[in-house]
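This report refers to the structure that appears directly beneath it.
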Number of protein chains: 2
Amino acid sequence: METLLLDRLLLIGELFQRDMARAFDGTGLTTARVHLLWVLQHAGPSTQRDLARLCEVTPRNITGLVDGLEASGHVRRTPHPTDRRSVIVELTSTAADTMARMQGEHAELNDTLLAAVAPEDRAALERGIAAIATRLETLVVEAAGEEDQAAS
Amino acid sequence: METLLLDRLLLIGELFQRDMARAFDGTGLTTARVHLLWVLQHAGPSTQRDLARLCEVTPRNITGLVDGLEASGHVRRTPHPTDRRSVIVELTSTAADTMARMQGEHAELNDTLLAAVAPEDRAALERGIAAIATRLETLVVEAAGEEDQAAS
DNA sequence: TATTGTTATACTCTATAACTATA
DNA sequence: TATAGTTATAGAGTATAACAATA
């Protein structure tokens, strides 16, 4: 039985997750926490409310993740300069270094995987994956829209 | 800034998960439980120990997942014919129907996504993804091996 | 009155360790 | 003595709801 392209894509996603989880193992970091660090690195210092929106989770969840990351020394809570309700979360310098290193490894992995593809196939591969990602994103957005409609 | 191929692949993985989770929403099913159902559909009636190995999860975890799926009527526990320690888990007929339908939708999604790719790019895409999956699998296995060695 | 974050509570997934029944 | 599954316990991630402080 031939393997569907879809199954290979799912396998790739699983392998990524497993590899990431293994890389964090022993550091006290988890997938959810690294995701938050990643978002912080890209967005810069942010309120917890903004982090909740960017991560698409509840504010309550951000409280828990920030609690953990603060305890492990990866982030710092500072008061908002004008809004006393808000809290600004920012990476510590060691965490910023860690994230920069991770981004480097990420680019390196990208190159390693691309090197496994025959040079004459690369352009078509890039186009095909971009097309699939776009199509899938449309499908997911449509499905979510229908659900919202059904719920109202 | 150009998007890395790796980032698109990660995005595709996330979108799949989100779409799956949305599809189960309201049915009482979760990603972990559907995964177990999927394994059961492919392996046929199995002991919990075999399910633990196939899902790469602890036996304790299987107990919990089977408890939930039994309560929701998706699986049935029956005694092992010869080994009185063992339990055989099998899909109920309704769950078998559900899984067959899901497999159909899965193949349909595969076709839909492939249809978004230019016909002349498809062969190269298939080859490229297969090459990447193989390379990544090798990397993950190697990394796990090093870790095992370090732990001993 | 609306918003930000937290406390309270609960559920799922996951793990390890100890235990029971059986092989 | 080893194996299959469960109970006990624990921790992370997630959610909703109620609440305090502030806007």
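Computed over heavy atoms, backbone and side chain alike; hydrogens, waters and symmetry mates excluded. The chains referred to below are lettered A, B, ... by the order of the sequence lines, with proteins before strands, and numbering in each begins at 1.
- Side-chain contact check for A:Ile129 versus B:Ile129: some heavy-atom pair is nearer than 4.5 Å.
- D:dA12 atom C1' lies 9 Å from atom CG of A:Leu65, rounded to whole Å.
- The shortest distance between the side-chain N/O atoms of A:Arg49 and the OP1/OP2 oxygens of C:dT4 is below 4.0 Å.
- For the OP1/OP2 pair of D:dA4 and a distance below 4.0 Å, the side-chain nitrogens and oxygens of B:Thr47 include no atom meeting the criterion.
- Donor-acceptor pairing under 3.5 Å is recorded for the side chains of B:Thr47 and B:Asp50.
- Taking the side chain of A:Thr30 as heavy atoms from C-beta on, and the options D:dG13, D:dT6, D:dA4, the nearest nucleotide is D:dG13.
- In this structure, A:Asp25 atom CG and D:dA12 atom C1' are separated by 14 Å, rounded to whole Å.
- Nearest-nucleotide mapping onto DNA chain D: of A:Thr82 and B:Gln48, the residue sitting toward the 5' end is B:Gln48.
- Atom pair B:Glu56:CD and C:dC13:P shows a separation of 18 Å (rounding to whole Å applied).
- A donor-acceptor contact under 3.5 Å links the side chain of A:Arg85 to the base of C:dT3.
- In this structure, A:Phe24 places its CZ atom 15 Å from C1' of D:dG13, rounding to the nearest Å.
- When rounded to the nearest whole Å, the span between CG of B:Asp83 and P of D:dA2 equals 17 Å.
- Taking 4.0 angstrom as the limit, A:Arg77 places a side-chain polar atom (N or O) nearer than this to OP1 or OP2 of C:dT6.
- Regarding contacts with the backbone of C:dT4, every side-chain N or O of A:Ser86 stays at 4.0 angstrom or more from both OP1 and OP2.
- Closest of all the heavy-atom pairs between A:Cys55 and A:Leu36 is SG-CD1, 3.8 Å.
- At D:dG13, none of the side-chain N or O atoms of A:Asn61 fall inside 4.0 Å of OP1 or OP2 (strictly under the cut-off).
- For B:Pro59, taking side-chain heavy atoms from C-beta onward, the closest of the listed nucleotides D:dA4, D:dT6, D:dA15 is D:dT6.
- Residue B:Arg60 has no polar side-chain atom (N or O) positioned under 4.0 Å from OP1 or OP2 of D:dA8.
- A straight line from CD1 of A:Ile62 to P of D:dG13 spans 11 Å, rounded to a whole angstrom.
- Rounded to an integer number of Å, the gap from NE2 of B:His80 to P of D:dA4 is 10 Å.
- Summarising the geometry, the separation between CD1 on B:Ile88 and C1' on D:dG5 is reported as 13 Å, rounded to the nearest angstrom.
- Side-chain proximity of A:Thr63 to the nucleotides D:dA2, D:dT6, C:dT6 is greatest for C:dT6.
- Taking both residues in full, the closest heavy atoms of A:Val66 and A:Gln48 are given as CG1-OE1, 4.1 Å, listed atom of the first, atom of the second, then distance.
- Taking CD of A:Glu14 as the start and CG of A:Asp7 as the end, the distance is 10.0 Å to the nearest 0.5 Å.
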